[in-house]
Structure formats: structure tokens, C-alpha cells
Amino acid sequence: MNFRIDPFKHEVVVNPKYADNTWKILEHAIRDIYNHKASRLSFQQLYRNAYNMVVHESGEKLYSGLVSTMKSLLQEVCECIEAAYGGSFLEELNTKWIDHNEALQNIGDILLYMDRTFIPRTHKTPIRELGINLWRDNVIHSSNIQTRLLNTLLELILGERTGEVINRGLMRNTTKMLMELGSSVYQEDLEKPFIEVSSDFYGLKSQEFIERSDCGDYLKEAERCLNEEIARVSHYLDTKSEAKITNVVEKEMIANHMLRLLHMENSGLVKMLLDDKFEDLGRMYSLFNRVPNGLSMIRDAMTSHIRNTGEQLVTDPEKLKNPVEFVDCLLQKRDKYEKIISFAFNNDKTFQNAFDSSFKYFINLNPCSPEYMSLFLDDKLRKGPKRVKEDDIEIILDNVMRLFRYLQEKDLFEKYYKKHLAKRFLSGKTIFDDAESSLIVKLKTECGCQFTSKLEGMFTDMKTSQDAMQGFYAAHGAELENGPTLVVQVLTACSWSTESGITCNLPPELSALSERFRSYYLGKHKGRILSYKTNMGTADLKAIFGNGQKYQLNVSTYQMCILMLFNNADCLSYKEIDQATEIPSSDLKRCLQSLACVKGKNVLRKEPTSKNIEEDDAFSVNDKFTSKLRKVKIRTVVAQKESESEKQQTRQRVEEARKPQIDAAIVRIMKSRKVLDHKNVIAEVTKQLQSRFLTNTGDIKKQLESLIEREFLERDTTDSQLYRYLNTIP
Amino acid sequence: MPRTSSKKGSRNSTASYSSSTMDLFRAASGKIASKELERIDQLFYSYANNSDTIEPEGIESLCSDLEVDHTDVRILMLAWKMQAKKQGYFTREEWRRGLKAMKVDTISKIKKALPELEKEVRRPSNLVDFYSYAFRYCLTEEKQKSIDIESICILLDLVLGLDFRPQVDALVLYLKMQNDYKVINLDQWMGFYRFCNEISFPDFSNYDPELAWPLVLDNFVDWMRAKEG
């Protein structure tokens with residue numbers, strides 16, 4: 001058996017009035033929703049109605065009905081909002097907007113079926129979007145509301161800028177509404193005019209403010225404005241507006257006034273630098289950093305200030321009188337800017353570089369800088385009344401090394417340093433052995449071992465001399481017990497640039513002793529030559545004066561030779577002393593001067609009494625000599641700084657020593673390159689030597705020409721700019 | 001001139017002939033050459049006093065026969081042509097080399113050939129060679145590498161005076177005035193030549209001290225510029 005089951009055919013009878021009637025019901029409901037009577041409605045019923053309309057081909061009617069109903073409802077809303085007075089305008093707008101949203105939600109629920117099927121099929125605007133568009137076109141863009149809304153908003157912002165308290169929540173809701181209406185609505189209706197108005201506002205404000213405030217206050221205000229605008233954005237504007245509004249503030253408040261701010265008299269950059277205004281400088285840095293070229297303007301102004309003040313410093317004749325103070329000033333200056341750059345300028349590398357190059361510029365303006373730096377170190381490393389603490393010395397050394405890096409004539413420094421180090425060593429005045437060798441290590445890392453080899457040689461000599469003395473007294477101590485004690489420092493001639501050949505006649509006791517040491521030493525080290533530098537030693541003498549007073553006198557070797565003469569004579573003339581000792585006359589005069597003419601230390605008496613030593617003077621022991629101290633130190637009058645002529649000599653020697661270094665550099669380069677053009681030779685030589693001194697082209701040219709003449713190099717016959725290395729050196 | 005070049009041409013073309021024809025030519029020209037050589041030698045011994053070199057006195061009398069001063073640039077040119085090694089002396093070999101190249105064998109022929117020689121020297125390709133030869137010719141001592149300022153000034157005037165009169169005058173004035181250099185070496189000497197040829201005078205507009213000019217020229221230009229204003 002076969003059964004077939006057909007579906008039950010239900011005849012649908014459509015009332016021709018059905019659509020109209022159903023719409024009426026729905027329209028009524030929509031109006032109720034807007035009038036806050038939605039609670040009375042049956043949403044299920046309404047949904048079914050709307051469903052039926054769509055199913056029965058009345059979607060079009062439903063949709064167009066919705067549009068026109070909402071339009072007319074929104075026009076009513078519009079009138080309501082327009083009628084709102086002053087301050088309540090925004091509130092009314094907001095309330096209505098909230099209502100509208102709620103209504104849209106409800107309508108959306110009722111017409112859900114249309115939204116899901118009919119609208120996508122016919123490509124119509126979905127209900128929520130439709131509602132927003134209608135709100136935009138009929139409310140926000142209605143002629144009576146659009147301008148009023150903008151003006152209200154701008155007025156409120158202006159009010160807030162001038163210190164009023166405004167309802168930020170309301171502002172936030174309003175701008176949020178504008179954003180929901182589409183980003184173009186927000187931009188056109190609020191952001192653009194806001195930016196324009198702000199631009200005028202800050203343009204005017206900055207003009208006024210700069211007239212009546214100093215740089216620091218102005219920058220504070222600019223920073224405050226900037227922060228205020230950023231806060232405003234976070235409170236009630238779109239985050240994308242932040243860049244735009246800060247741009248306005250940056251341009252109007254900062255970029256337009258940078259030069260004026262930097263150079264404000266008594267408050268600009270220079271004043272801030274002078275007074276170490278870290279906070280103001282930091283503010284200037286971070287504000288100017290927001291503006292193109294801002295930082296380079298600060299940097300340039302800073303550079304020229306450092307150069308100017310630095311130039312004044314190194315050429316100030318007062319400062320030049322005291323090398324220690326001179327270097328102290330340099331160190332202070334460096335320290336000051338180091339702090340400024342790290343505290344205020346964010347440790348900016350470009351600022352650090354600008355600072356370094358400015359320092360390099362002015363420190364080398366003064367040819368004495370290398371000498372003074374060495375004198376400064378000498379002062380710190382030498383025993384004296386103002387002793388530096390051991391912990392501090394390392395810091396001082398590091399600081400001086402930083403200055404040292406700026407020097408172009410490092411070899412000149414080395415020359416002086418060597419001289420001063422020798423003095424410290426030989427007078428036993430050095431206190432920090434560790435510090436001395438630590439400085440050598442620093443110099444070595446900075447300039448290479450060639451630079452410090454002689455200095456290291458001096459260290460070694462000091463050490464081996466001690467051993468030699470110990471050996472000597474171990475061997476001969478017993479027989480020498482009752483005589484004077486001899487301390488010899490054996491110096492390698494090439495490490496210590498001592499003047500050669502000056503000796504004097506030692507007292508017989510001492511000359512016997514020193515000869516004994518000589519034979520001991522030469523017995524140990526065959527083939528060496530030992531010569532005594534009597535101009536450099538010191539001696540401790542026990543002296544008993546006529547009144548029975550005993551003193552220990554600390555004198556130079558020369559002075560010792562003079563004083564020993566008075567063991568056998570009461571009175572000696574200048575000429576007799578000269579003959580007996582054979583001390584060079586300029587030294588002899590200085591020694592006698594410090595023995596006879598310095599108040600409180602005059603162990604000798606001079607006839608006639610006067611300040612200066614003449615060849616006819618006569619000397620005798622000053623029986624009336626007294627001193628509070630048992631130990632009396634008699635200094636020889638010496639010049640601390642070099643005199644002009646000595647300076648010239650030192651410079652000449654240094655320049656002479658540069659020639660073989662330039663030669664060596666050229667030969668090194670040419671040996672590896674074989675053929676090289678003039679400009680590159682100059683560049684490479686300069687580079688190789690810059691850690692030691694700054695060469696000028698003329699000096700290099702001179703050595704090139706000399707090398708051509710000595711046939712180390714030749715000039716290419718066709719291209720005169722090319723040098724060739726000649727491999728024919730035997 | 002045409003005679004020389006045609007001869008040269010015939011000599012050059014011999015290279016393409018077969019060896020037998022070449023021998024024939026050689027024999028023929030050899031006869032002429034030996035006669036010429038004889039006359040050249042004859043002339044040599046008339047000045048050499050029967051030794052192997054013409055000594056300064058010989059050169060003096062040669063000069064008076066040629067009716068030129070012994071300091072005349074043409075004598076230097078003659079020496080250049082002979083490639084004479086030592087100043088004031090001509091060896092027989094040098095004498096032969098020079099006279100053969102000039103195709104002359106009597107005093108009057110030499111005299112006639114002198115203007116031609118001068119032209120030859122002034123040709124740019126020869127001038128550099130002549131210029132550096134002039135320096136080397138003046139090195140009289142063993143291992144001597146440079147020449148005193150006074151002689152350099154005379155030499156400059158002699159060899160470049162004709163072509164670069166204002167430059168030479170200024171340079172000579174400077175060299176005599178300055179105290180930095182007592183002698184000039186070959187490198188500096190060659191620098192002068194380049195300088196005269198390459199540098200616009202008297203404005204020095206294309207002079208670049210950064211280039212490899214000898215220092216003495218840097219100083220010269222500085223001095224000139226300071227003098228100008």
C-alpha cells in the first residue's frame with residue numbers, strides 16, 4: 001500500500017487593509033517609545049506585526065514609514081532642544097540623545113526581522129545607523145543647533161582655559177556623541193574649529209606673555225599649557241586630537257619664540273647656565289625637543305657660550321699667574337657642564353660632543369695648558385701643607401685625564417710631566433706611589449706604551465736604586481758606621497733628561513764616600529758610566545751654633561757643600577767659596593741668597609747686608625740664628641713656572657722631537673701602501689699622530705720633502721701628487 | 001730640417017729590408033759616417049789638447065770660436081745634446097754623441113745649427129728633460145743633491161727666463177729675500193717648473209696649498225699675496 005501525505009494547504013486570506021492597519025499600530029508604538037510610554041507596549045505583539053508586514057511584502061512600507069516617523073519625531077526633539085536656555089542647552093541635547101539611543105534600541109527590537117532580512121536584501125541602511133544619520137542630519141546639523149553647539153563647546157573650553165570649572169562629564173558625553181556620529185562629524189564640527197581657535201588663542205597669549213615674563217617663567221607657562229591641553233584631550237576629546245593640539249601649542253608657544261627665549265637678557269640660556277638652573281634648563285630641553293631644530297639651537301647657543309667664557313678663562317692674565325688655580329677653574333668648568341648635561345640635557349650625546357669640541361677649542365688656545373696641567377698634578381701629588389686625601393687623589397687624576405684628552409700637544413705635557421715627576425722623585429716629595437703609577441697606567445691606555453716608556457723607566461730606576469743602596473750598605477756598612485750616610489739614586493740617562501756635566505767639589509768626607517759607592521756600583525755593573533749630579537740632591541746636616549743651639553738643617557747638595565766649608569773657617573769671601581766648591585755662579589748666588597738673605601732661615605751672615613749677592617761679599621756663620629723648629633728646611637729660590645725663554649726652549653725641543661715621529665709615521669704608511677697620494681698621506685699621518693700631538697700640513701710637507709731628499713720616497717714623474725716608497729734602503 | 005728627416009726616414013725603413021740589402025746600405029753609409037766621425041774627432045782634439053776630455057780652457061776657446069759667452073744658455077743646450085755628465089768638461093764620447101746628432105762637424109756648422117738646437121730644446125717634450133738636466137749638470141760634487149740659492153737663481157733665469165719671464169723674476173726676488181732655504185733640491189726644482197706651467201700668474205687663482213707643492217712654493221705664494229695686499 002502506498003500512502004502519500006500532502007501538507008495541509010492553509011489558505012491565507014490577506015486583508016487589503018492589513019498593511020495600513022498594522023503600520024498604524026507600529027507607528028503608534030514608535031511614538032509611544034519616544035514619549036516614554038514604552039512600558040505599556042507588548043513587544044512580542046509588535047514584533048509579530050512587523051514580522052507579518054515584512055513577510056507580506058510590506059517591508060518597503062514599513063521602512064519608509066519608520067524613516068518619516070523618526071524624522072518628524074526628531075524635528076520635535078529639535079524644537080525642544082532649541083528652546084533650552086543657555087546652560088541647559090547642552091544638557092537637553094544630551095538627554096535627548098540618550099532618549100534617542102534608547103528608542104533606537106527598542107525600535108530595533110521590534111523591527112528585528114526587518115533589520116535581519118529585508119534591509120540586507122534591499123541594501124538599505126540598518127536601523128541603528130539610520131537612526132544615527134537621522135539624528136545627525138535633523139538635529140546636530142539643523143541650522144539652529146549646529147553653530148550654537150560649536151560655540152557653546154568652544155566657549156566652555158575657553159572658559160576652562162581661563163580658569164573656570166566646567167562640567168567635563170557633559171563635555172565628554174557631547175564629544176562622544178559627535179564621535180559616534182562619525183569621525184568626520186567630530187573633525188569637521190569640533191576638532192578643526194577647535195584647533196583654529198586654539199592657534200589664535202596661543203598665538204596671542206604667547207605674544208602677551210613673553211612681553212611680561214622672563215625665560216624661566218615663560219617656559220613654565222608653556223609647559224603648563226601643554227600639560228593642560230594633554231589633560232583636556234584625555235578628559236573629553238578624542239585621543240587623536242592630542243598630537244594636533246600639542247602641535248599648536250608647540251608652534252605658537254615655543255617654535256615662534258625660540259631665539260628670543262634663548263637670548264633673553266638676564267634669564268635666557270646663558271643666565272641659566274651661569275646659575276646652574278638644572279630645572280629650567282631641563283624644561284627648556286624637553287620643550288625645545290618637541291620642535292624641529294629646537295635642540296640644535298640650544299646646542300649652538302651653549303657651544304658659543306662655552307667657547308666665549310672658556311676663551312676668557314684661558315687668556316685671563318690673573319688666572320695665568322697660578323697654574324693650580326687655572327687648572328682648578330678648568331676642572332670646575334668641566335664638572336659644571338658634565339652635571340648640566342646629565343641632569344638637564346638628558347645625557348644627550350650630541351650635547352656631550354658639542355661640549356667636548358668647545359673645550360678642546362679653548363683649552364688649546366693657551367700654549368701653557370699642558371705645562372699647567374702637569375704643575376697641577378705636581379701640586380696634588382707632592383708632599384705639602386695642603387695634603388690631599390688618598391681617596392680623593394684617584395678622582396682628581398681621573399678628572400685631569402679627562403682634560404688631558406682635550407690637549408692637542410700631548411707630547412708637550414709628557415715633557416713637563418717627566419720633568420716634574422723627576423723633581424718629585426728626587427726630592428723624595430712624592431707621597432702616593434700608587435697614585436703615581438696609576439697615572440702612568442692611565443697615560444699608557446690613552447697614548448700607547450711609547451708615550452710612557454721613559455716614565456716607566458724612571459719608576460724602575462727608583463726601585464733599583466733602593467736595592468743598590470741596600471746592597472752597598474750591606475757590603476760596607478760596618479766600616480762606614482761613623483761617617484755620613486749617602487743615598488744615591490742611579491738614573492738611566494735616556495729616561496731622565498737631566499742636564500749633563502755639571503758637578504761641584506764635594507767635601508772630602510763625602511767625595512771619598514761617593515767614590516766608594518762608584519767602585520761598588522761599577523763592580524756590580526761592568527761597562528757603565530756613573531756620574532754624580534750634584535745639582536739635584538739634598539742633604540740633612542746637624543748644626544751647632546755659637547749659642548749652643550742644635551738644629552737639623554735640610555738643604556740642597558750645593559748648600560751643604562757651602563756650609564761644610566764653615567767647619568774649617570769663620571769667614572769666607574764669595575770668591576773663596578766659588579773656588580772651593582766650583583758651583584756654577586748663577587746657582588751659587590741663588591744658594592747663598594737662600595742661606596743668608598731669607599729672614600728666619602739665615603744661617604749665614606753676609607757683609608754687607610743686602611738683598612742680592614755680589615762678588616765682593618763676605619760670609620760668616622750667623623751665631624745668633626734661632627728658630628722655633630728643630631728641623632729647619634732651607635729652600636733654594638727656584639722658579640716654579642718656566643720662564644719665557646725656558647718655555648721657548650722646551651717647545652723647540654718638543655718640536656724637534658716631533659720630526660722623527662712624523663718621519664716614522666710617513667715611512668710606516670708608505671711602506672704598507674707603496675704608492676699614495678699627497679692628501680691621503682697628510683690625512684693618515686695626522687690620524688696616526690693625533691693621540692700625541694696635532695700636526696700641521698706644513699710640518700708634514702717638510703718631512704716628506706726631506707724623505708724625498710734622503711731617497712726614502714720619490715715623487716711620481718707624471719703625477720706630482722703621488723709619492724712612491726723606495727725599497728732601496730740598505 | 002727636411003734633410004734630417006728624410007735621412008731618418010731612410011734609416012728607419014731599413015728595418016723592413018732583407019739583411020743583405022741592409023748590409024749594403026750599412027757599408028755605404030758607414031764609409032760616409034767614418035769620414036764624418038774623423039772630422040768630428042779632429043775638431044775634438046783641436047780643443048782637447050790631445051787628451052780624452054775637453055777641459056774648461058778648451059770650452060772657453062770653443063765658446064770664443066762660436067762667438068757665444070760661456071754662460072750663454074746655448075752652451076748648456078749643447079751640453080744637453082751631448083748629455084755631458086760633468087760641468088765644464090766634454091768627453092770624446094759625449095762630443096761625438098752631440099755632434100753626430102746635430103749632423104755637424106765644423107765650427108761654422110755648429111754655429112749655424114745653434115738656432116735649430118734652441119728650437120728643439122724649446123719643444124715642450126724636450127723642455128722638461130732639458131730643465132731637469134740643467135739641474136743635474138750643475139751638481140759638481142760627489143753626492144751633492146742640492147744647489148745653492150744664488151746658482152739656482154742664475155739657472156732659473158737661464159732656462160725659464162725666456163718662457164716665463166714674470167714668474168722667474170718674482171721667484172728669484174723671493175728666493176734671494178727669504179732665509180728658510182739656503183739650497184734647493186731636485187724635487188723643489190721640478191716643482192718650480194710645474195708651478196710655472198700650471199699656475200695662473202700673478203693671481204695664483206688655481207694654486208691649492210693642500211696639494212703636494214713644495215713648501216717653498218707655499219711660502220712664495222703667501223709672500224706674493226701678502227705683498228699684493
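Letters A, B, ... are given to chains in the order of the sequence lines, protein chains preceding strands, and every chain is numbered from 1.
Between the NZ atom in Lys679(A) and the CG atom in Asp208(B) there is a gap of 5.0 Å [rounded to 0.5 Å]. Between the CE atom in Met190(B) and the OG1 atom in Thr717(A) there is a gap of 9.5 Å [rounded to 0.5 Å]. The distance from atom CD of Gln703(A) to atom CG of Leu215(B), rounded to the nearest 0.5 Å, is 10.5 Å. The structure places CG of Leu211(B) at 9.5 Å from CG of Asp677(A), a figure rounded to the nearest 0.5 Å. To the nearest 0.5 Å, the span separating CG on Asp187(B) from CG on Leu707(A) amounts to 11.5 Å. Taking CD1 of Ile708(A) as the start and CG of Asn185(B) as the end, the distance is 8.0 Å to the nearest 0.5 Å.
Within the 3.5 Å criterion, the main-chain N or O of Gly191(B) finds no donor-acceptor partner in the side chain of Arg715(A).
Around atom CD of Gln652(A), no more than 12 heavy atoms belonging to other residues, nucleotides or ligands sit under 6.0 Å away. Atom CG of Asn353(A) has more than 12 heavy atoms from other residues, nucleotides or ligands within 6.0 Å. Heavy-atom contacts from other residues, nucleotides or ligands closer than 6.0 Å to NZ of Lys674(A) number more than 12. Atom NZ of Lys109(B) sits in a crowded spot, with more than 12 heavy atoms from other residues, nucleotides or ligands closer than 6.0 Å. Summarising the local packing, CD of Gln83(B) is surrounded by more than 12 heavy atoms from other residues, nucleotides or ligands at distances under 6.0 Å. The number of heavy atoms from other shown groups lying within 6.0 Å of NZ (Lys85(B)) does not exceed 12.
Within the structure, ring pair (Phe, Tyr, Trp, His ring centres under 6.0 Å) pairs that include any residue of residues 146-178 of chain B comprise Tyr174(B)-Phe220(B), Tyr174(B)-Trp223(B) (at least two apart or interchain).
In terms of heavy-atom proximity, Gln721(A) sits nearest to Ala212(B) at OE1-N, 2.9 Å. A pairwise comparison of heavy atoms in Glu705(A) and Pro214(B) identifies OE2-CA, 3.0 Å as the closest pair. Taking each heavy atom of Glu709(A) and Lys145(B) in turn, the nearest pair found is O-NZ, 3.4 Å.
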